[in-house]
Amino acid sequence: MPRHLGVIMDGNGRWAQARGKPRTEGHKAGVEALGRLIELSARQGIEFVTVYSFSSENWRRPKEEVSFLFNLLRRYVAAELERFVKNGIRVKVLGEREGLDKTICGLLDQVESRTASGTRMQLNLAFNYGAKFELASAMRKIARQVASGELAPDAITADMVGENLYTRDIPDPDLILRTGGEKRLSNFLLWQAAYSEFIFIDQCWPDFDEDTFRDVLLEFGQRQRRYGALENR
Ligand code: IPE
Ligand code: IPE
Ligand code: MG
């Protein structure tokens with residue numbers, strides 16, 4: 001069982017288009033699939049689930065789609081807040097807050113603080129997230145310590161980089177699942193995925209269900225993780 005599962009929830013638009021519907025219908029159906037993922041993961045005892053819901057590059061989409069996605073997030077968080085509290089789901093938002101509108105930031109702060117004492121599972125919403133930006137910010141922070149004379153360049157370690165990422169308190173993902181058929185990371189958790197297992201499936205995100213979840217966990221269970229060492233005998 002992965003301790004931390006990352007999911008690139010891709011294929012909403014194509015799912016909708018294949019059904020003659022507007023892309024926005026795919027995003028709505030994607031929210032339902034997210035509900036299934038959270039429920040199934042909590043039931044399996046997975047400790048951390050990180051979902052990629054809006055990338056720093058998704059701003060390149062038509063502004064109608066961007067604002068639809070923002071409204072969807074707003075409504076989703078507001079509608080689910082009490083359920084998260086009740087079910088012990090601690091929510092964290094990974095991503096850049098600057099440039100987001102104040103009401104969204106307020107809502108994100110609220111969901112983080114209201115759910116902070118949840119102990120059953122942590123749900124990380126990667127929203128307005130981009131790994132390259134995350135790494136560049138970490139480098140800026142470390143560079144400032146060097147510039148002030150607090151830190152010698154030779155003393156910089158990989159752990160220090162990790163401590164300056166949004167994921168500082170979160171173990172690296174054991175498994176990253178991407179739906180929708182593309183085989184790439186699209187700027188998701190580049191640093192943290194150094195030893196993640198990857199599973200890419202063709203199914204579009206809105207079709208994600210219990211059968212998919214079971215198959216994915218079975219495949220993960222068959223992977224042999226060596227971290228550069230030799231297999232355990
Ligand atoms: C993923 O589905 C959701 C977001 C990126 C917000 P897409 O919207 O990328 O759907 P496709 O890949 O175009 O089908
Ligand atoms: C990745 O999907 C981002 C999210 C799922 C939020 P994209 O649809 O944006 O990725 P590309 O453009 O196909 O690489
Ligand atoms: Mg896509």
Side-chain angles (χ1 to χ4, degrees), residues 2 4-38 40-41 48-80 91-97 99-101 104 107-108 111 123-136 165-167 170 173 175-193 196-209 212-213 216:
H4 179 181
L5 166 67
V7 183
I8 303 172
M9 309 183 291
D10 195 25
N12 292 350
R14 280 164 288 161
W15 179 90
Q17 275 159 345
R19 285 159 182 76
K21 297 176 178 177
R23 292 177 54 85
T24 49
E25 287 300 310
H27 295 315
K28 282 197 221 159
V31 170
E32 309 275 312
L34 174 59
R36 293 192 287 278
L37 171 72
I38 295 170
L40 291 163
S41 302
F48 300 88
V49 174
T50 302
V51 292
Y52 205 7
S53 55
F54 191 87
S55 78
S56 49
E57 287 72 44
N58 287 146
W59 289 102
R60 296 176 183 155
R61 295 189 179 196
K63 67 177 191 314
E64 296 74 28
E65 180 162 340
V66 171
S67 69
F68 184 87
L69 289 168
F70 274 68
N71 283 324
L72 198 61
L73 173 86
R74 209 193 309 257
R75 275 184 284 143
Y76 174 73
V77 169
E80 296 299 308
V91 180
K92 288 267 157 70
V93 183
L94 315 181
E96 185 50 25
R97 294 290 177 92
L100 290 187
D101 111 18
I104 292 216
L107 190 60
L108 298 179
V111 70
L123 173 67
N124 303 307
L125 296 173
F127 186 80
N128 200 21
Y129 174 87
K132 285 194 173 185
F133 183 89
E134 178 186 36
L135 280 162
L165 303 177
Y166 303 121
T167 49
I170 305 169
L175 170 62
I176 293 179
L177 166 67
R178 181 171 187 148
T179 61
E182 312 296 353
K183 293 171 185 67
R184 54 177 172 255
L185 277 176
S186 302
N187 208 12
F188 185 55
L189 303 178
L190 298 183
W191 176 272
Q192 299 87 337
S196 301
E197 296 296 325
F198 292 97
I199 296 182
F200 297 100
I201 59 176
D202 289 335
Q203 188 180 51
C204 287
W205 177 247
D207 287 328
F208 175 90
D209 63 8
T212 321
F213 191 66
V216 163

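In each ligand, atom 1 is the first atom listed, and ligand 1 is the first ligand listed.
A donor-acceptor pair under 3.5 Å is formed between the side chain of S53 and the backbone N or O of A126. W205 places a side-chain N or O within 3.5 Å of a backbone atom of G30 that can act as its donor or acceptor partner. Looking only at distances, no side-chain donor or acceptor of N58 sits under 3.5 Å from a matching main-chain atom of V66. A donor-acceptor pair is defined here as one N or O able to donate and one able to accept, closer than 3.5 Å; no such pair exists between the side chain of S41 and the backbone of I38.
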Go ahead and list the nitrogen or oxygen contacts between ligand 2 and the protein that come in under 3.5 Å, distances to 0.1 Å, or just say none.
residue, atom, partner, partner atom, Å
ligand 2, 8 (O), D10, OD1, 3.1
ligand 2, 8 (O), R61, NH2, 3.1
ligand 2, 9 (O), N58, ND2, 2.9
ligand 2, 9 (O), R61, NH2, 3.4
ligand 2, 10 (O), R178, NH2, 3.3
ligand 2, 10 (O), S186, OG, 3.4
ligand 2, 13 (O), R184, NH2, 2.8
ligand 2, 14 (O), R184, NE, 2.8
ligand 2, 14 (O), S186, OG, 2.6

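Around the Mg ion (ligand 3), the protein N, O or S atoms closer than 2.8 Å are D10 OD1, listed by chain and residue number.
Aromatic ring orientation, H4 versus F48: tilted (interplanar angle from 30° to 60°). The aromatic rings of F213 and F208 sit perpendicular, their planes meeting at an angle over 60°, well past the 30° parallel limit. Ring-plane geometry between F127 and F54 is classed as tilted, the angle between the planes lying from 30 to 60 degrees on a 0 to 90 degree scale.
Residue E25 forms a side-chain hydrogen bond (donor to acceptor under 3.5 Å, both in side chains) with just one option from R23, H27, K28, and that option is K28.
Close approach of ligand 1 to H27 (heavy-atom distance below 4.0 Å) involves ligand atoms 3 (C), 8 (O).
Polar contact check, R23 against ligand 1: a nitrogen or oxygen pair lies under 3.5 Å apart.
By the side-chain hydrogen bond (donor to acceptor under 3.5 Å, both in side chains) test, D10 is found to be paired with R14, R178, residues two or more places apart in sequence or in another chain being considered. When the side-chain hydrogen bond (donor to acceptor under 3.5 Å, both in side chains) test is applied to R75, no partner is found at least two apart in sequence or on another chain.
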